[in-house]
2 protein chains.
Amino acid sequence: MELPINKFNKAFENRIRLGVMSILMVNDWVDFGTLKEMLDLTDGNLASHIKALEAEQYIEINKRFINKKPNTSYRATFLGRNAFKEHLNVLENIIKQNE
Amino acid sequence: MELPINKFNKAFENRIRLGVMSILMVNDWVDFGTLKEMLDLTDGNLASHIKALEAEQYIEINKRFINKKPNTSYRATFLGRNAFKEHLNVLENIIKQNE
DNA sequence: AAATTAACTTTGCAATTCAAAGTACTATAA
DNA sequence: TTATAGTACTTTGAATTGCAAAGTTAATTT
């Protein structure tokens, strides 16, 4: 018997990291403030989950200044996109079996 | 902007509970040993997650004897099935936006 | 210099997860 | 009757994860 659950990616088992990735899958370069607002998080919390995704090399970071203010943006890497798609495939199979 | 992530059901954020439910969605009455084998868990670990699902009234329990041996079976309740479907809907929306 | 803003990092605590060990119940064997 | 075994737990303790709040850094504006 198959065990699709064991193909889950630990990096995406948390709702915040899943949220960050799902935003970055459809938006190129999203900045810290936008993510923070969209996900309604404290900045420490968001930063720590971003760090976890960065450690897996699932997202990359770009720091610059906009209107003389620091602005950090993130986007999903190729590796991250593929890993996320894999994870969604597992979920899709679970969904399919319930249709 | 919508926040689908916040509609996740905490009870299903764990891969084991998600696995148990996904098995019970397509199989009526599955016993402890089968679940344990399918999910490859220690019995203490499985028992604790089953307990959590039972506490939410997402599964019901039936104890009996088969061949003079105790046999405990579980199935998803109506409440559990609906909650799980809701959860899958959230995931489905995340998947859809990536197609 | 002082205050401000963005993006962190650190701290510390609470919740979650898990394996291992222990327990309860029933059955069967000695 | 004591012992052994099997199933399904419960308890224990430790590691991991998750989080808010407070502290920090760097550049900016006053």
Value rounded to 0.5 Å, distance of [atom1] in [X] from [atom2] in [Y]:
X: Phe84(B); Y: Thr77(B); atom1: CZ; atom2: OG1; result: 12.5 Å
X: Leu79(A); Y: Gln57(A); atom1: CG; atom2: CD; result: 6.5 Å
X: Asp31(B); Y: Arg64(B); atom1: CG; atom2: CZ; result: 8.0 Å

Could you check which residues of residues 59-74 of chain A get a heavy atom under 4.0 Å from DNA chain C? Sort them by number, please.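 Output list: Lys63(A), Pro70(A), Asn71(A), Thr72(A), Tyr74(A).
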Strand contacts (DNA chain C) in residues 43-55 of chain A, 4.0 angstrom heavy-atom criterion: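 Correct list: Asp43(A), Gly44(A), Ala47(A), Lys51(A).
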Tell me whether [X] contacts the main-chain N or O of [Y] through its side chain, where contact means a donor paired with an acceptor under 3.5 Å.
X: Asn67(A); Y: Lys69(A); result: no
X: Ser73(A); Y: Trp29(A); result: no
X: Asn27(A); Y: Val30(A); result: no

Salt bridge (charged side-chain N to carboxylate O under 4.0 Å, His left out) contacts touching residues 10-29 of chain A (sequence neighbours left out):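 Of all non-adjacent pairs touching residues 10-29 of chain A, those that pass salt bridge (charged side-chain N to carboxylate O under 4.0 Å, His left out) are Glu13(A)-Arg15(B), Arg15(A)-Glu13(B), Asp28(A)-Arg75(A).
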Pairs satisfying salt bridge (charged side-chain N to carboxylate O under 4.0 Å, His left out), at least one member in residues 47-57 of chain A, at least two apart: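 The answer is none; no pair qualifies.
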Measure from the side chain of Asn14(B), starting at C-beta and using heavy atoms only, and say which of dC18(C), dT16(C), dA19(C) lies closest.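 Among dC18(C), dT16(C), dA19(C), the one nearest the side chain of Asn14(B) is dC18(C).
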How many Å lie between [atom1] on [X] and [atom2] on [N], as a whole number?
X: Leu41(A); N: dC8(C); atom1: CG; atom2: P; result: 14 Å
X: Glu13(B); N: dT17(C); atom1: CD; atom2: C1'; result: 14 Å
X: Leu39(B); N: dC18(C); atom1: CG; atom2: P; result: 11 Å

Can you list every pair that meets side chain to side chain donor-acceptor pair (under 3.5 Å) and has a residue in residues 80-95 of chain A, with sequence neighbours left out?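 Listed by first then second residue: nothing to list.
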Side-chain contact, heavy-atom cut-off 4.5 Å: Phe12(B) with Leu53(B)?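 In contact.
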Heavy atoms of chain B, cut-off under 4.0 Å: which first and last nucleotide of DNA chain D, 5' to 3', fall inside that, if you could look?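 In short, chain B contacts DNA chain D from dT7(D) to dT10(D).
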Just checking Arg15(A): base, sugar-phosphate only, or nothing, at a heavy-atom cut-off of under 4.0 Å?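 Contact class for Arg15(A): none.
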Exercise: do Asn45(A) and Thr42(A) side chains pair donor with acceptor under 3.5 Å: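 Thr42(A) and Asn45(A) do not have a side-chain donor-acceptor pair below 3.5 Å.
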